[in-house]
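First up is the structure itself, then whatever we jot down about it.
Within every chain, numbering begins at 1; the chains are lettered A, B, ... in the order of the sequence lines, protein sequences first and strands thereafter. This one's a predicted model, so the numbers in the text were calculated from it and none came from an experiment.
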There are 2 protein chains.
Amino acid sequence: MRSGNNVASADGSSLAERIRHEMDAFTPSEKRAAHLLLSHYPFAGLDTVAEFASRAGISAPSALRFVTRLGFSGFPEFQKHLREELEAQLLSPLAKASPGDKSHGAPALSSFAEAVIANLTATVENIAPTEFDAIVALLSDRRRHIHFTGGRFTGALARYAESHFRIVRSDVHFIESQPALWRDRMIEIGRKDVIVSYDIRRYQEDVIALSEAAAKQGATVVLLTDPWLSPIARVARHILPAHVTVPSNWDSSAGLMLLTEALVAAVTKHLWETAKPRMEAVERLRNPKS
Amino acid sequence: MRSGNNVASADGSSLAERIRHEMDAFTPSEKRAAHLLLSHYPFAGLDTVAEFASRAGISAPSALRFVTRLGFSGFPEFQKHLREELEAQLLSPLAKASPGDKSHGAPALSSFAEAVIANLTATVENIAPTEFDAIVALLSDRRRHIHFTGGRFTGALARYAESHFRIVRSDVHFIESQPALWRDRMIEIGRKDVIVSYDIRRYQEDVIALSEAAAKQGATVVLLTDPWLSPIARVARHILPAHVTVPSNWDSSAGLMLLTEALVAAVTKHLWETAKPRMEAVERLRNPKS
DNA sequence: CGAAAGCCGTATCAGAAATTTCAAGACAAT
DNA sequence: ATTGTCTTGAAATTTCTGATACGGCTTTCG
């Protein structure tokens, strides 16, 4: 495994560039392989050796010799490199897709913002509409009680959700994730309850335990998590994954915030008939006069 | 939107779309596979069955059943389809990244997301770089105590900020905005303290009062608010406004979240020498073993 | 012209990957 | 409780792919 060699191009340049550069040094068969690969780069290299060789009009061993000469230990490694290159290339345009970009703002801020925006886009595109709608229906069911919970950081999001839903409808609760604080409340959780759990990586034991306990009691569990899915997924009825990776030592919860706000908006609209008077009442309580 | 729509998919369009559509008909294992695939679409499906299954946390046969259910005769055919789809998509850059596209996602969700993203862009573009940097410097000053506070909804953001900064540095506090809860704490607030207040429209009396009291004691006030500026602006030393308007009965705090996370990232980087051991210590406490 | 060197493809093998089988477990309905 | 259905993963099986050895062929150079 001397993978430390020069296979991975340091600059953003692709393998294709190196192939063009070394083209003269190839044998005739290798040139045929190289030309095929470049003409359909990199897809031509993604099926089997036999297929690749046949399209190039050469034999399988020649194709093997070709990739070996490029510095790969074998065909699978060659394909892996192509896939990774492709993935990187496909993802970057999204981040750079801000047109009028000469944005000022601290450089740290604007590049961070780009990453967050890319996350939001990716998050929305990967949500199943039915999943989202099903959750909206669930949270709009006034016969059910709703409980929000989350971990160290995501707990704040759970609170954020709770503080909105509390106004839109009744029977909305926030549960601290520490077992000592929910053990006794668990007796009230049953088939008609909905648990909305927030949990992203460095998944938190107590949130998992809470969700599993609630599921065991027959409650419906809704999970907001990262794309790698918290273990809570095992007991969750519905899952909304959000992308969280940003250039920071921390994960970003902006995607979870987006989903939360979208849920709040949708449920508010759905329950508008009953939500409106509630919101007005709250407004009146805050401004007793005027 | 009937003209100039996508030319990419002549057949049943993207497989991803179909998966989202049939999501609720899947078994739990299939859902895990589906979520993995969608979260890294389509690259997650380009490895071997074993790899794919392992990442999804299911067994190889379950992964096989998943692709079979999608209508493919086997895994290789499934992968071939993914590759072809990818190639088609890459060849027609117009097909993707079109801003106002009729993308999937619940319509409510995607239009909501578009508004949020527009807000984030506008927010970043209107931040004065010096302002952002000055705040980072302020929060990176370890001789100062930092206090976060916020209102009904924004309080959750203040907590979110606090839970991160608490790990990055010492002397970080959260203050409840109810006067009864901060009156006595005010005697400890002085010239060396920093108050970070979150307040958006329907500006909240108690947050304003708290901020003004702190300012009167000589504390430095940092304000995160909406573009119309909370009254706190009069006593604030630094202001970061975020756009909040979305198609909903509520305002969106996603911009505030973005700014918060950007501040956390910047300060963490700035204080890395001392933040790193702190973060490691926290990690060790959470995982006493391993 | 002859010989050496290198290049290429056929045939074959080893091993990995996909697929099928099957039994255990979960769940719902009765 | 009990049965039947559905789901799942471990293990056995099959298929197929990537890799290699070897001999023929072409090219090159003395």
Side-chain angles (χ1 to χ4, degrees), chain A residues 1-2 7 22-37 42-83 190-192 212-221 229 231-237 239, chain B residues 22-37 43-83:
Chain A
M1 257 309 159
R2 43 203 67 269
V7 166
E22 296 181 18
M23 185 65 83
D24 304 338
F26 290 149
T27 71
S29 279
E30 287 168 348
K31 278 185 187 170
R32 306 190 71 170
H35 279 120
L36 172 68
L37 180 57
F43 301 98
L46 260 48
D47 31 26
T48 67
V49 176
E51 184 76 9
F52 177 70
S54 145
R55 288 201 198 189
I58 61 177
S59 71
S62 292
L64 260 298
R65 283 187 277 263
F66 171 66
V67 302
T68 300
R69 176 184 253 271
L70 290 176
F72 299 98
S73 71
F75 206 75
E77 187 188 318
F78 166 68
Q79 292 187 317
K80 187 181 172 205
H81 176 89
L82 289 182
R83 286 203 307 265
R191 204 166 305 274
K192 307 231 85 181
E212 285 175 345
K216 185 161 289 180
Q217 304 261 28
T220 303
V221 175
L229 302 190
I232 296 174
R234 289 194 165 283
V235 299
R237 185 99 160 67
I239 304 174
Chain B
E22 297 179 15
M23 183 63 82
D24 44 4
F26 290 148
T27 70
S29 281
E30 287 168 346
K31 277 187 187 169
R32 306 199 78 187
H35 275 119
L36 172 68
L37 181 57
F43 300 98
L46 261 44
D47 292 304
T48 64
V49 174
E51 183 76 10
F52 177 72
S54 138
R55 288 200 198 191
I58 60 178
S59 69
S62 291
L64 259 297
R65 282 186 279 262
F66 172 65
V67 302
T68 300
R69 178 185 250 275
L70 291 176
F72 299 99
S73 71
F75 206 75
E77 186 188 319
F78 165 69
Q79 291 186 319
K80 188 182 172 197
H81 177 89
L82 288 182
R83 287 200 309 265

(request) Could you check which of D/dT8, D/dG18, C/dG9 has an atom nearest any side-chain atom of A/Phe75? (result) D/dG18
(message) Among D/dT20, D/dG9, C/dC8, which nucleotide has an atom closest to any side-chain atom of A/Pro61?
(response) D/dT20
(message) Taking only side-chain N and O atoms of B/Thr27, does any of them lie within less than 4.0 angstrom of OP1 or OP2 on D/dT7?
(response) no
(request) Take A/Phe52 and A/Leu64, measure what side chain to side chain contact (heavy atoms under 4.5 Å, CB included) needs, and give me the verdict at the end. (result) CA-CA 10 Å; A/Phe52 177 70; A/Leu64 260 298; over 6 Å; no
(message) Can you tell me which nucleotide in C/dC7, C/dT19, C/dG9 comes closest to the side chain of A/Pro28?
(response) C/dC7
(message) Which nucleotide wins on minimum distance to the side chain of A/Pro76, given the candidates D/dG9, C/dC8, D/dG18?
(response) D/dG18
(message) I need the CZ-P distance between B/Phe52 and C/dA18, as an integer number of Å.
(response) 12 Å
(message) The side chain of B/Ile58 is closest to which nucleotide in this list: D/dG18, C/dC8, D/dG9?
(response) D/dG9
(message) Distance check needed: D/dC16 C1' versus B/Glu77 CD, whole Å only.
(response) 16 Å
(message) Tell me whether A/Arg55 is salt-bridged to A/Glu51, with the criterion being a basic N under 4.0 Å from an acidic carboxylate O.
(response) yes
(request) Look at all strands and tell whether B/Ala50 reaches a base, only sugar-phosphate, or nothing, counting heavy atoms closer than 4.0 Å. (result) sugar-phosphate
(message) With a 4.0 Å cutoff (strictly under), does any side-chain N or O of B/Ser29 reach OP1 or OP2 of D/dT7?
(response) no
(message) Given D/dG18, C/dT19, C/dC8, identify the nucleotide with an atom nearest to the side chain of A/Gln79.
(response) D/dG18
(message) To the closest 0.5 Å, what do you measure between CZ (A/Phe66) and CZ (A/Phe75)?
(response) 9.5 Å
(message) Nearest heavy atom decides the nucleotide; on that basis, is A/Thr48 or A/Arg65 closer to the 5' end of DNA chain D?
(response) A/Thr48
(request) By nearest nucleotide on DNA chain C, pick out whichever of A/Ser62 and B/Gly74 is the more 5' one. (result) A/Ser62
